[in-house]
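What you see is a predicted model; the values in this text were computed from it and never measured. Worth knowing before you read on, the calculation uses all heavy atoms, side chains too, and leaves out hydrogens, waters and symmetry mates. Within every chain, numbering begins at 1; the chains are lettered A, B, ... in the order of the sequence lines, protein sequences first and strands thereafter.
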Amino acid sequence: MVTQITSFGRSGLYDWMMQRVSAIVLSLYTVFILGYLVMNPDLTYDQWSALFEATWMRIFTLMTLLSIGVHSWIGLWSISTDYLKATGVRFFFQSLCGLAMFVYITWGIQVLWGL
Amino acid sequence: MIDHSIDKNGVRVVNKKRPVNLDIATISMPVTATVSILHRVTGVILFVGLAFLFYAFDLSLDSQEGFDQVVNALQTSFIAKFIIWGIVSALMYHFVAGIKHLFMDIGYFEELESGQLAAKANLVIAAILILVVGVWIW
């Protein structure tokens, strides 16, 4: 039996649920941002920065950032355990994914609160 | 369905000499499998594509100049347009396939016929969205 110590929540059911919860957050954000860009074809910097200065947008965006981390980790973890059979290679790939995911979240937080 | 034979003790056992075809190249991918693997492929593309999105996000909120730079690149540079089209296309596919997945979680499209139909619909809807996004970008 494989001990799934590197999955996100250490339980398949928890991962399954988190993948869906994060998917819903990500899809709502996708629809919102694409809708916003479509409806504001002449978007200005002032409008754009005012959007991300609003508290609700920061909450929504931070939620999305965390969802990106959770969702991509569970997805890439599943893919790596399916296709990368050598432990060393898989560990390296998962480490790289974990690092990238952490960089993305930190970068996003910095952009949001660095205004 | 399963081949049985009687072993020397008179017990029914599954006949292990059933034909096995593991030559992947000779097995044609069912449409459902194609849709599934594309869900994974687009997921990986999105993870890599995020680097470009974060870069543009950072630059666009950094200053007026940065914002202008992003807008300008997306309006004039073919490479920038192509990259954002690629990422948004992957997103559209992944989005549609994800919604199909959620429907399957609650019990729809699980039969052979409905499953294949949903997989085809997934491809068609994603293709339309990708075209629309292309028109929007160019």
| query | With only heavy atoms counted, which part of A:S27 is less than 4.5 Å from chain B, the side chain, the backbone, both or neither? | reply | both
| query | Quick one: CD on A:E53 to CG on B:L61, what's the gap to the nearest 0.5 Å? | reply | 9.0 Å
| Do other residues, nucleotides or ligands put more than 12 heavy atoms under 6.0 Å from A:W107 CH2? | yes
| note | Under 4.5 Å to a heavy atom of chain A? For B:V96 that would be neither
| B:L91, part contacting chain A, at a heavy-atom distance under 4.5 Å | side chain
| request: Find the one option among A:I24, A:V103, A:V38 whose heavy-atom pairs under 4.5 Å with chain B are most numerous. | output: A:V38
| remark: Between the CD atom in A:Q19 and the NE2 atom in B:H101, the distance rounded to the nearest 0.5 Å is 8.5 Å
| message | Quick check on the hydrophobic clustering: are B:I87 and B:W138 connected, directly or via other members, by side-chain heavy-atom contacts under 4.5 Å? | response | yes
| Side-chain heavy atoms under 4.5 angstrom apart, residues restricted to Ile, Leu, Val, Met, Phe, Trp, Tyr: same cluster for B:V88 and B:F52? | yes
| field | Reported CE-to-CG distance for the pair B:M92 and A:L34, which is rounded to 0.5 angstrom | value | 5.0 Å
| field | Region of B:F54 in contact with chain A, defined by heavy-atom distances below 4.5 Å | value | both
| said: Grouping I, L, V, M, F, W and Y whenever their side-chain heavy atoms are under 4.5 Å apart, do B:F82 and A:L37 come out in a common cluster? | reply: yes
| request: Check whether A:V31 gets within reach of chain B through its side chain, its backbone, both or neither, counting any heavy atom under 4.5 Å. | output: side chain
| task | Check each atom of A:I79 against the heavy atoms of chain B and say whether the ones under 4.5 Å are side chain, backbone, both or neither. | result | both
| query | Within a reach of under 6.0 Å around CZ of A:F32, are more than 12 heavy atoms found that belong to other residues, nucleotides or ligands? | reply | yes
| query | Got a sec: does the CE of A:M57 have more than 12 other heavy atoms crowding it under 6.0 Å? | reply | yes
| said: So for atom CZ, which belongs to A:F92, do other residues, nucleotides or ligands contribute more than 12 heavy atoms lying within a distance under 6.0 Å? | reply: no
| said: Tell me whether the count of non-hydrogen atoms from other residues, nucleotides or ligands lying under 6.0 Å of OH in A:Y36 goes above 12. | reply: yes
| task | State plainly whether one hydrophobic cluster holds both B:Y93 and B:V133, where clusters connect Ile, Leu, Val, Met, Phe, Trp and Tyr through side-chain heavy atoms under 4.5 angstrom apart. | result | no
| task | Of all the heavy-atom pairs spanning B:F57 and A:G108, show the shortest one and how long it is. | result | CE2-O, 4.3 Å
| In Å and rounded to the nearest 0.5 Å, what is the CG to CZ distance from A:L26 to B:F95? | 10.5 Å
| query | What is the minimum heavy-atom distance between A:Y104 and B:F47, and which atoms define it? | reply | OH-O, 2.7 Å
| chain B heavy atoms under 4.5 Å from A:I33: which part of the residue, side chain, backbone, both or neither? | neither
| Closest-packed option against chain B by number of heavy-atom pairs under 4.5 Å, given A:L76, A:D46, A:I68 | A:L76
| field | Side chain, backbone, both or neither of B:L59 within contact of chain A (heavy atoms, under 4.5 Å) | value | neither
| Donor-acceptor contact present, side-chain A:Y45 to main-chain B:S60, <3.5 Å | no
| Above 12 or not: heavy atoms from other molecules or residues under 6.0 Å from CD of B:E113? | no
| Atom CG of B:D62 and atom OG of A:S49: how far apart are they, to the nearest 0.5 Å? | 11.0 Å
| query | Any link between B:I125 and B:L117 through a network of hydrophobic side chains (Ile, Leu, Val, Met, Phe, Trp, Tyr) touching at under 4.5 Å? | reply | no
| message | Heavy-atom pairs under 4.5 Å with chain A: which of B:G98, B:G43, B:A51 has the most? | response | B:A51
